[in-house]
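Working notes, beginning with the structure itself.
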There are 2 protein chains.
Amino acid sequence: MTTESRRGARRSRATTLTDVARLAGVSVATASKALNGRDQVKAETRVRVVEAAERLSFSPNALARGLLQGRSGTVGLITSDLDGRFSIPVLMGAEDAFGTGSVSVFLCDARGDAIRERHHVNALLSQRVDGLIVVGYQTDPRPSLGPDLPVPVVYAYAPSESPDDVSITADNVEAGAMAVEHLLSCGRRRIAHISGDPTYTAAQDRSRGALRALDDAGLSMVGDQTYFGAWTEAWGRAAARLVHRQHPDLDAIFCGSDQIARGVLDTLGELGRDVPRDVSVIGFDNWEAIATGARPALTSIDMNLETIGERAAKRLFRAIDGDAPSGVESVSCRLVTRESTLTLD
Amino acid sequence: MTTESRRGARRSRATTLTDVARLAGVSVATASKALNGRDQVKAETRVRVVEAAERLSFSPNALARGLLQGRSGTVGLITSDLDGRFSIPVLMGAEDAFGTGSVSVFLCDARGDAIRERHHVNALLSQRVDGLIVVGYQTDPRPSLGPDLPVPVVYAYAPSESPDDVSITADNVEAGAMAVEHLLSCGRRRIAHISGDPTYTAAQDRSRGALRALDDAGLSMVGDQTYFGAWTEAWGRAAARLVHRQHPDLDAIFCGSDQIARGVLDTLGELGRDVPRDVSVIGFDNWEAIATGARPALTSIDMNLETIGERAAKRLFRAIDGDAPSGVESVSCRLVTRESTLTLD
DNA sequence: CTGAAAGCGCTTACAG
DNA sequence: CTGAAAGCGCTTACAG
């Protein structure tokens, strides 16, 4: 560590509206109106005030304004797994919807700990946030923060257990059907489904959707079951070997995650089966680095997490304005086609 | 979307210190002192006030306090690539250091856009943050926000171009040496280095460190160069094929990223070379999902990004308290050993 | 069109 | 040990 200088804390007092008013030769009341676009101000006066504000690099004190107006212009975002891949896109979508600069977002990571979550909620309430978004890392319903909070709350990705809350989540049932329908449209008929931890609602939902789509086509799953296991490459490798041994005639595998799909691709390669000629493979999550790095690149389902974040932010806005229809809203997933399911005819 | 109820915005006014004081039968001044642990309060009175506060679920208004004290108890964190993998750990480390509840963190994603960054800085200054942390997604020095900000700034991962600023970054030179030294300690002597985009300072630094370590051991790089390319699996596959053709006697490959390493593993497998028996492979980034999913699991270098975040937060605290030694501080990386470099003798 | 005054919720000298 | 008063920086009726 180099220590080139040691600056003290002698930072000058920030300029206030009073400074601006003085420089412009008006009262603070008039200065306030001028800067906030109120219309009872002579044009010429407004110009003088605006110029003064610029000269002094005036930055209005949001704390004072918030105190007075009862709105802070801030929102709290509580996540439970920042390092996971699911919260971030939701968070980005929300940030987008809030708009640069108009609303500032507090971020807290509760690390899946209820106590820590409580602490964060209290801190945010103390900061007088105008609302909260709670982001989960899986679609299993989570406990509600309760009906007694002084600000509106929207649950994103992981819906709240309470029907009185507002939740936005992904439609994994539809997504499962979407994956299977894509494989069917590629001419596949002997479709297996290898997925992750069966205790995840998401895993069950995708499986149900897949089953429904197969049913609608008069088909059933290869092996008459979903091969549940873990959300890992290792499970993908092992499961593919197992399924292939029992059903060497399969012509497609729907994988519950892109990581599982990577493992499946490895095994199929070792078994000498060409993807996509012999077997089509579709993943889930559309995790760019994983899906595009695969050989062949993986077709996948994208949960549109940014959209979930955006919707959550918009619903929160509405709720802050007093319009809060409760219930769960699902966002549709989308198919992202790559080489692993290319039809070659 | 179900619409089960439509709650209005009729949220009751938050309880204030005045309410608490009234219930406790004291003045607001005394209530304030009691709750803030000032010692000029009779024990019995304090108890009454605390009980009243609890009964009313009193949450002190941080805006009012901040306005008065000139400190908001908030900090701004500006990142340029939330979706990237580098900002998040830094951010988590910082959050940890700030401590749950005592400081609230505003998060902004500038998306690598200077204009947007300016907007965010202004918004944060308006919110009267006590300080800023700017997180980059690569170690190339970035433009300073300038010396004229009213609050201290710490740059994390991407250092500031200005030596007058405070920056915390990763020591990639040392890391390069560390990787090579590990391979040497595994008994390897014919070491190649395949890396990513050569315009990244990180790529150059790692290469320099590797070269130094080889030099110190009286060795040189296989092919007498670093094979620069892209940070992708595809490049790892291609480069491994190339290097192996020219130098089939190589016994280790130091990869500039875990993704590159995955590609290298694939190619070595296809060429019938056993890892780690014939060739040791080491990656970089310690990207869990990628490194542990590989077969064999990848030894890798972890940049300790959480530590960078922690240090940044601590330095920011010191700077807020007026103690701001400027310059760049580097954080050491660490080796995470897995199977891809296991010594088998 | 402009400004004096009140007040948002809190803390901190200052008297008592 | 307790409380009345001033004030942080702003906005908003209300007079003029």
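Both backbone and side-chain heavy atoms feed into the values below; hydrogens, waters and symmetry mates do not. Residue numbers begin at 1 in each chain, while the letters A, B, ... track the order of the sequences.
Put simply, the side chain of A:Asp81 does not reach to within 4.5 Å of the side chain of A:Arg111, judged on heavy atoms.
When base pairs are accepted only as Watson-Crick or G-U wobble with both N-N or N-O distances under 3.5 Å, DNA chain D takes part in stems of 3 or more pairs at C:1-3 with D:14-16, C:5-12 with D:5-12, C:14-16 with D:1-3.
When ring centroids are compared, A:Tyr137 and A:Tyr157 stay outside the 6.0 Å threshold.
Heavy-atom distances to DNA chain D give each of B:Lys42 and B:Arg128 a nearest nucleotide, and the one nearer the 5′ end belongs to B:Lys42.
For DNA chain D, the residues of residues 58-74 of chain B within the heavy-atom distance limit of 4.0 Å (strictly under) are B:Leu67, B:Leu68, sorted by number. A heavy-atom distance below 4.0 Å to DNA chain D is reached by these residues of residues 15-37 of chain B, ordered by number: B:Val26, B:Ser27, B:Ala29, B:Thr30, B:Lys33.
Atom pair A:Gln127:CD and C:dG9:P shows a separation of 16 Å (rounding to whole Å applied). We find that CG of B:Leu125 is positioned 16 Å from P of D:dG9, with the value rounded to whole Å. Between the C1' atom of D:dC1 and the CZ atom of B:Arg48 lies a distance of 12 Å, rounded to the nearest Å.
B:Cys108 contributes atom SG, which lies 8.5 Å from atom CG of B:Leu77 (distance to the nearest 0.5 angstrom). Atom-to-atom distance recorded for B:Leu107:CG and A:Phe106:CZ is 11.5 Å, nearest 0.5 angstrom.
Between the side chains of B:Asn304 and B:Arg311, not a single donor N or O lies within less than 3.5 Å of an accepting N or O.
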